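Below you'll find the structure, written out as structure tokens, and then a few comments.
Owing to the predicted nature of the structure, the values given are computational and were not obtained by experimental measurement. Hydrogens, waters and symmetry mates are skipped; everything else that's a heavy atom, side chains included, is used.
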Amino acid sequence: MLAILYRKPKFSAYTQIRALVLLATFASLRWGEVSALRRTEVDLDAGTVRIRVAFVERSTEGLVLAPPKSKAGRRTVGIPQAIVQTLWEHIATYVQDDPGALVFPGAKGCPLRRSGFNTRTRWVDVVKEMGMPGLHFHDLRHTGNMLAAESGAGLKDLMARMGHDNVRAAMIYQHAVRGADKAITDAIDRQLEKRDDDEDGSAGVLAPVG
């Protein structure tokens with residue numbers, strides 16, 4: 001999945017969308033957070049993005065700016081250097097000079113709605129063509145969270161990056177990583193057992209190299 005996400009698009013029209021997808025994935029951002037980003041909140045020299053507000057769809061008010069769900073949602077997140085150049089190019093091409101300009105604007109500089117994003121990208125069809133039918137935008141954040149957990153970071157650091165104020169979510173990702181390691185360990189055990197059966201116990205003997 002990571003190779004597909006990071007692959008450069010074939011058509012220049014998708015450059016803007018690519019920057020949004022990469023940032024949402026590798027900085028573990030929610031849709032409302034990434035779509036509400038302003039130019040002043042992205043510091044590519046420092047390699048950080050500041051989350052202060054998020055767009056929320058409300059049935060009575062429509063699309064509104066609101067504080068994050070919890071105090072922990074207000075955070076500063078590091079941006080991997082591997083995607084910084086893509087973000088520089090995106091900002092230079094698509095973002096107005098005004099510090100308050102949206103980083104990922106919709107039509108005529110208006111906020112980009114999720115429905116508009118899905119239509120513009122043909123999201124449902126594209127992820128199906130990629131071999132990942134049913135993939136949702138929020139799954140990009142899950143990918144970023146898994147990568148963060150694989151770094152070996154502690155619970156508090158994971159919580160800070162994800163914008164959570166309780167340990168439950170961070171522990172889920174830590175447990176998932178440990179589960180993957182167990183699967184690897186089990187596979188090695190099966191290989192050793194197979195060698196033991198085939199070689200009548202010689203699997204425990206180190207073989208000289210060369």
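Using a 4.5 Å cut-off on side-chain heavy atoms (C-beta onward), Val21 and Thr121 make no contact. In this structure, Leu102 and Arg38 have side chains that are in contact, with non-hydrogen atoms separated by less than 4.5 Å. Counting heavy atoms from C-beta outward, Asp165 and Lys71 have side chains that stay 4.5 Å or more apart. In this structure, the side chains of Asp98 and Arg39 stay at 4.5 Å or more apart for every pair of heavy atoms. Within the 4.5 Å cutoff, side-chain heavy atoms of Trp31 are placed close to those of Leu20. With a 4.5 Å cut-off on side-chain heavy atoms, Ile51 and Val34 do not count as touching. In this structure, Arg50 and Thr40 have side chains that are in contact, with non-hydrogen atoms separated by less than 4.5 Å. With a 4.5 Å cut-off on side-chain heavy atoms, Thr76 and Arg52 count as touching.
Side-chain atoms of Thr48 and Asp43 form no donor-acceptor pair, as typed in the model, at a separation below 3.5 Å.
Contact record, Met159 with Ala170: CG-CB, 3.9 Å, taken as the closest heavy-atom pair. The shortest non-hydrogen separation linking Ala19 to Leu87 is O-CD2, 3.9 Å. Shortest non-hydrogen contact noted between Asp139 and His136 is OD2-N, 2.7 Å. Listed here is the closest heavy atom pair of Val103 and Val95: O-CG2, 3.3 Å. In terms of heavy atoms, Ala27 sits closest to Gly78 at CB-O, 4.4 Å. Considering all non-hydrogen atoms of both residues, Ala153 and Leu158 come closest at O-CD1, 3.8 Å.
A single hydrophobic cluster is not seen to contain both Leu29 and Leu65; linkage of ILVMFWY side chains at heavy-atom distances under 4.5 Å, directly or through other members, places them apart. Under the 4.5 Å side-chain heavy-atom criterion for ILVMFWY residues, a single connected hydrophobic cluster contains both Ile17 and Val126. Linking ILVMFWY side-chain heavy atoms closer than 4.5 Å, directly or via other members, places Leu147 and Leu155 in two distinct hydrophobic clusters. In the hydrophobic cluster analysis, where Ile, Leu, Val, Met, Phe, Trp and Tyr join through side-chain heavy atoms closer than 4.5 angstrom, Val53 is grouped apart from Val64.
Of the inter-residue distances, the one linking Ser28 atom OG with Asn145 atom CG reads 4.0 Å to the nearest 0.5 angstrom. Note: Gln174 CD to Met146 CE = 11.0 Å, rounded to the nearest 0.5 Å. Remark: Leu23 CG to Leu37 CG distance equals 6.5 Å, nearest 0.5 Å. Rounding to the nearest 0.5 Å gives a distance of 13.0 Å between CD1 of Ile91 and CD of Gln96. Between the CG atom of Leu44 and the CD atom of Gln81 there is a distance of 9.0 Å, given to the nearest 0.5 Å. To the nearest 0.5 Å, the span separating CZ on Phe26 from OG1 on Thr143 amounts to 8.0 Å.
For Arg58, the salt bridge (Lys or Arg N to Asp or Glu O under 4.0 Å) criterion is met by Glu61, not counting sequence neighbours. Qualifying salt bridge (Lys or Arg N to Asp or Glu O under 4.0 Å) partners for Arg30, counting only residues two or more places apart in sequence or in other chains: Glu33. Contacts of Phe104 classified as ring pair (Phe, Tyr, Trp, His ring centres under 6.0 Å), with partners at least two apart in sequence or in another chain: His90. Among residues two or more places apart in sequence or in another chain, the side-chain hydrogen bond (donor to acceptor under 3.5 Å, both in side chains) test is passed with Glu57 by Arg113.
Annotation: ring pair (Phe, Tyr, Trp, His ring centres under 6.0 Å) contacts involving residues 40-89, sequence neighbours excluded, are absent. Sorted by first and then second residue, the ring pair (Phe, Tyr, Trp, His ring centres under 6.0 Å) pairs involving residues 139-171 (not counting sequence neighbours) are His138-His142.
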task = Start with the C-alpha distance between Ile79 and Val84, add both sets of side-chain angles, then the distance that settles side-chain contact (heavy atoms from CB on, under 4.5 Å), and finish with yes or no.
result = CA-CA 7 Å; Ile79 303 171; Val84 166; 4.2 Å; yes
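Between the side chain of Arg75 and the backbone N or O of Gly73 there is at least one donor-acceptor pair closer than 3.5 Å. Proximity of a side-chain donor or acceptor of Thr119 to a complementary backbone N or O of Gly116 within less than 3.5 Å is not detected.
Ring planes of Trp123 and Phe137: tilted class, angle from 30 to 60°.
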